[in-house]
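Worksheet for the structure shown next.
Remember, it's 1-based here, ligands and their atoms both numbered in the order they're listed.
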Amino acid sequence: MDLRIGVIGTGAIGRDHIQRINGITSGAKVSAISDINSEAGKLLASEIGATFFAEGEDLIASDIVDAVLVTSWDPTHEKYVLEAIKHNKYVFCEKPLAVEIDGCRRIVDAEIKAGKKLVQVGFMRRYDRGYEELKAMVDSKELGEVLMLHCAHRNPSVDESYDTPMAVENTAVHEIDVLRWLLQEDYVSAEVKLPKQTSYTHENLHDPQFIILETESGIQIDIEVFVNCQFGYDIKCAVVCEKGEVALSDPSYTTLKTKGKDSTKVSSDWKDRFVTAYDREFQLWVDSVRAENITGPSAWDGYVASVTTTACSKARDTGTKVEITLEACPDFYKK
Ligand code: NAI
Ligand code: NAD
Ligand code: ISE
């Protein structure tokens, strides 16, 4: 029987994941949905033949839901993840796991108390072929030791609800997770520079921002976050090593030669740029839930990301270099 998934939050990414689960993923179907906007939620439920729940908590408790997907706004993630753990149900939570360190810690503690890995966080870049190739190269040591990384995370534009802290907490959080996975090292310090601003930003958003992280072995990482870059969705990661450099290339199926020019398309958004990564992420999540052995980014990874984003936010607000101190990873997450 298919795994019956209940989805909380049916906005941009919730709808995208629903289509993925029902159309692409094998072994799963969306059985229930919930959204704070009940009119839109009910309409979607009738279109896909799912049951609508006005309250996320009722969806989680329902016996037509085997596993939960949380794709609602960031501040709502924690309560739904904790509720799913309470009901001993597997839960996939879009990033960030919670908006504050304490919230992530409550989830880690609840999961350890439940005695079973139930939580996976939506850090889909670990499933992107480009990052996988970077990791294989780094692990092989063919280019010697890693010394520096130069990264960029550019979105074409954001709306007025996107503010200064979100550049770190909602956007750079992807680099923060995937680079730690790539290097297998934690961070020891963070700095954030606020360069000259683009005229395309708004009052509550300093755009762009420039983040500098240092890892345990001294690797220096710079990340440009520029969310009103206008020209497209552009992700860069160049790993500089002792004997060479390995970098992501822009995924593209074709190039166009015309009128004296040779050009390739730039992705328009995250849905397009990471489509294959999301597809793989969901297939592997469903397979691992069915096998009762979760292998993807854990609640601990969500917690470490939050410790790091909090340090970045402090660095930005104080204009200083902020040290990052992490307690030892619990044995529960080393299994
Ligand atoms: P959105 O604003 O398009 O959708 C959020 C939906 O959640 C809305 O339909 C809203 O009505 C609903 N909602 C909010 N609070 C709710 C509640 N308490 N109960 C039920 N429904 C509720 O936002 P978007 O872009 O879909 O982002 C959702 C989440 O996904 C965010 O946490 C974001 O960080 C994450 N995300 C992750 C991406 C990735 O690449 N992994 C890409 C885009 C978003
Ligand atoms: P969105 O605003 O389009 O959708 C959010 C939806 O959640 C809305 O429909 C809203 O009505 C609903 N909602 C909010 N609070 C709710 C609640 N308490 N109960 C039920 N529904 C609720 O946002 P989005 O762009 O889809 O982002 C959603 C989440 O996904 C965010 O946490 C975001 O960080 C994450 N996200 C991740 C990626 C990624 O690349 N992994 C990409 C986009 C978004
Ligand atoms: C969004 O929530 C995502 O997760 C996207 O991957 C990211 O590029 C974007 O900046 C976020 O707002």
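- Under a 4.0 Å criterion applied to the non-hydrogen atoms of Met124, ligand 1 contributes the atoms 40 (O), 41 (N).
- Here atom 8 (C) of ligand 1 lies nearest to Asp35 when heavy atoms of Asp35, Val121, Ile8 are compared.
- A donor-acceptor contact under 3.5 angstrom links the side chains of Tyr162 and Thr171, judged on distance only.
- Using a distance-only test at 3.5 Å, with no hydrogens or angles considered, a donor-acceptor pair links the side chain of Ser313 to the main chain of Thr309.
- Ring orientation note: the planes of His153 and His174 are tilted relative to one another, at an angle of 30° to 60°.
- Asp250 and Ser252 are not linked by any side-chain donor-acceptor pair at a separation below 3.5 angstrom, with hydrogens and angles left out of the test.
- Ligand 2 has an N or O atom lying under 3.5 Å from an N or O atom of Tyr80, backbone or side chain.
- Residues Ile21 and Trp270 fall into different hydrophobic clusters, defined by Ile, Leu, Val, Met, Phe, Trp and Tyr side chains chained together at heavy-atom separations under 4.5 Å.
- Residue Phe274 places every heavy atom at 4.0 Å or more from ligand 2.
- Every atom of ligand 1 with a heavy atom of Ala12 under 4.0 Å away is listed here by number and element: 1 (P), 3 (O), 4 (O), 25 (O), 26 (O).
- The protein heavy-atom contact nearest to atom 6 (C) of ligand 1 is Gly11 N, 3.5 Å.
- Within the 4.0 Å heavy-atom shell around ligand 1 one does not find Arg15.
- In the model, Asp287 has a side-chain atom that pairs as donor or acceptor with a side-chain atom of Gln283 under 3.5 Å.
- Using a 4.0 Å cutoff on heavy atoms, Gly122 counts as a contact of ligand 1.
- Within ligand 1, the atoms closer than 4.0 Å to a non-hydrogen atom of His77 are 32 (O), numbered from 1 in the order shown.
- The atoms of ligand 1 that sit less than 4.0 Å from any heavy atom of His174 are 39 (C), 40 (O), 41 (N).
- Among Gly56, Ser72, Ser161, Ala277, the residue whose heavy atom lies closest to atom 13 (N) of ligand 1 is Ser72.
- If you number the atoms of ligand 2 from 1 as listed, the ones under 4.0 Å from a heavy atom of Trp270 come out as 42 (C), 43 (C).
- Ligand 1 has a nitrogen or oxygen under 3.5 angstrom from a nitrogen or oxygen of Ile36.
- Aromatic rings of Phe92 and Phe282 (six-membered ring for Trp) have centroids within the 6.0 Å cut-off, being under it.
- The single protein non-hydrogen atom nearest to atom 40 (O) of ligand 1 is Tyr278 OH, 2.4 Å, given as residue, atom name and distance.
- If you check which protein heavy atom lies closest to atom 18 (N) of ligand 1, you get Tyr80 OH, 2.9 Å.
- The side chain of Trp270, and not its backbone, has at least one atom closer than 4.0 Å to an atom of ligand 1 (non-hydrogen atoms only; side chain from C-beta on).
- Considering both main-chain and side-chain atoms, Ile13 comes within under 3.5 Å of ligand 2 through a nitrogen or oxygen pair.
- For ligand 2, the atoms lying closer than 4.0 Å to a non-hydrogen atom of Gly9 are 7 (O), 12 (C), 21 (N).
- Atom numbering of ligand 2 starts at 1 in the shown order; those under 4.0 Å from a heavy atom of Ile8 are 19 (N), 20 (C).
- Ligand 2 has no nitrogen or oxygen under 3.5 angstrom from a nitrogen or oxygen of Lys79.
- Under 3.5 Å, the side chains of Glu327 and Tyr303 contain a donor-acceptor pair of N or O atoms.
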Check against side-chain hydrogen bond (donor to acceptor under 3.5 Å, both in side chains), Glu216 and Tyr187: CA-CA 6 Å; Glu216 289 163 313; Tyr187 304 110; over 6 Å; no

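- Side-chain N/O atoms of Glu57 and Tyr80 include no donor and acceptor closer than 3.5 Å.
- Counting only N and O atoms by type, the side chains of Asn228 and Asn155 include no donor and acceptor under 3.5 Å apart.
- Close contacts of ligand 2 with Thr76, meaning ligand atoms under 4.0 Å from a residue heavy atom, involve 15 (N), 18 (N).
- By the criterion of a heavy-atom distance under 4.0 Å, the backbone of Thr10, and not its side chain, is placed next to ligand 1.
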Could you give the N/O to N/O pairs under 3.5 Å linking ligand 3 and the protein, each with its distance?
unit_1	atom_1	unit_2	atom_2	d
ligand 3	2 (O)	Lys95	NZ	2.9
ligand 3	2 (O)	Asn170	OD1	2.8
ligand 3	4 (O)	Lys95	NZ	2.7
ligand 3	4 (O)	His174	NE2	2.8
ligand 3	6 (O)	His174	NE2	3.2
ligand 3	6 (O)	Tyr233	OH	3.4
ligand 3	8 (O)	His153	NE2	2.7
ligand 3	8 (O)	Asn155	ND2	3.3
ligand 3	8 (O)	Tyr233	OH	2.7
ligand 3	10 (O)	Asn155	OD1	2.7
ligand 3	10 (O)	Thr171	OG1	2.7
ligand 3	12 (O)	Asn170	OD1	2.7

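- When only modelled atom types and interatomic distance are considered, Asp35 and Thr10 share a side-chain donor-acceptor pair under 3.5 Å.
- Between Ser298 and Asp301, the side chains place a donor N or O and an acceptor N or O closer than 3.5 Å (distance only, hydrogens not considered).
- Between the CD atom in Glu224 and the CD atom in Glu175 there is a gap of 10.0 Å [rounded to 0.5 Å].
- When the options Thr71, Asp74, Asn37 are ranked by their closest heavy atom to atom 33 (C) of ligand 1, first place goes to Asp74.
- Close approach of ligand 2 to His174 (heavy-atom distance below 4.0 Å) involves ligand atoms 39 (C), 40 (O), 41 (N).
- Protein heavy atom nearest atom 41 (N) of ligand 1, with residue, atom name and distance: Glu94 OE1, 2.8 Å.
- With ligand atoms numbered from 1 in the order given, ligand 2 contributes 1 (P), 3 (O), 4 (O), 25 (O), 26 (O) to contacts under 4.0 Å with heavy atoms of Ala12.
- Side-chain atoms of Thr201 do not come within 3.5 Å of backbone N or O of Thr198 as any donor-acceptor pair.
- Of the candidates Lys95, Arg15, Arg125, it is Lys95 that places a heavy atom closest to atom 34 (O) of ligand 2.
- Ligand 1 does not have Phe123 within reach: every non-hydrogen atom of the residue lies 4.0 Å or more from it.
- Between the side chains of Glu94 and Thr71, no donor N or O sits under 3.5 Å from an acceptor N or O.
- Looking at every heavy atom in both residues, Cys237 comes nearest to Leu149 through SG-CD2, 4.2 Å.
- With hydrogens and angles ignored, the 3.5 Å screen pairs a side-chain donor or acceptor of Asp207 with a backbone N or O of Val227.
- Put simply, part of Gly122 is less than 4.0 Å from ligand 2, judged by heavy atoms.
- By the 3.5 Å distance cut-off applied to N or O atoms, Pro96 is not counted among the residues near ligand 2.
- Among residues two or more places apart in sequence or in another chain, the ring pair (Phe, Tyr, Trp, His ring centres under 6.0 Å) test is passed with Tyr278 by His17.
- Residue, atom and distance of the protein heavy atom nearest to atom 5 (C) of ligand 1 are Trp73 NE1, 3.3 Å.
- Close approach of ligand 2 to Met124 (heavy-atom distance below 4.0 Å) involves ligand atoms 40 (O), 41 (N).
- At least one heavy atom of His77 sits less than 4.0 Å from an atom of ligand 2.
- Between the side chains of Tyr233 and Arg273, no donor-acceptor pair of N or O atoms lies under 3.5 Å.
- Nearest heavy atom pair, residue Ala84 against residue Val68, reads CB-CG2, 4.4 Å.
- Of the protein's heavy atoms, Ile13 N, 2.8 Å lies nearest to atom 26 (O) of ligand 1.
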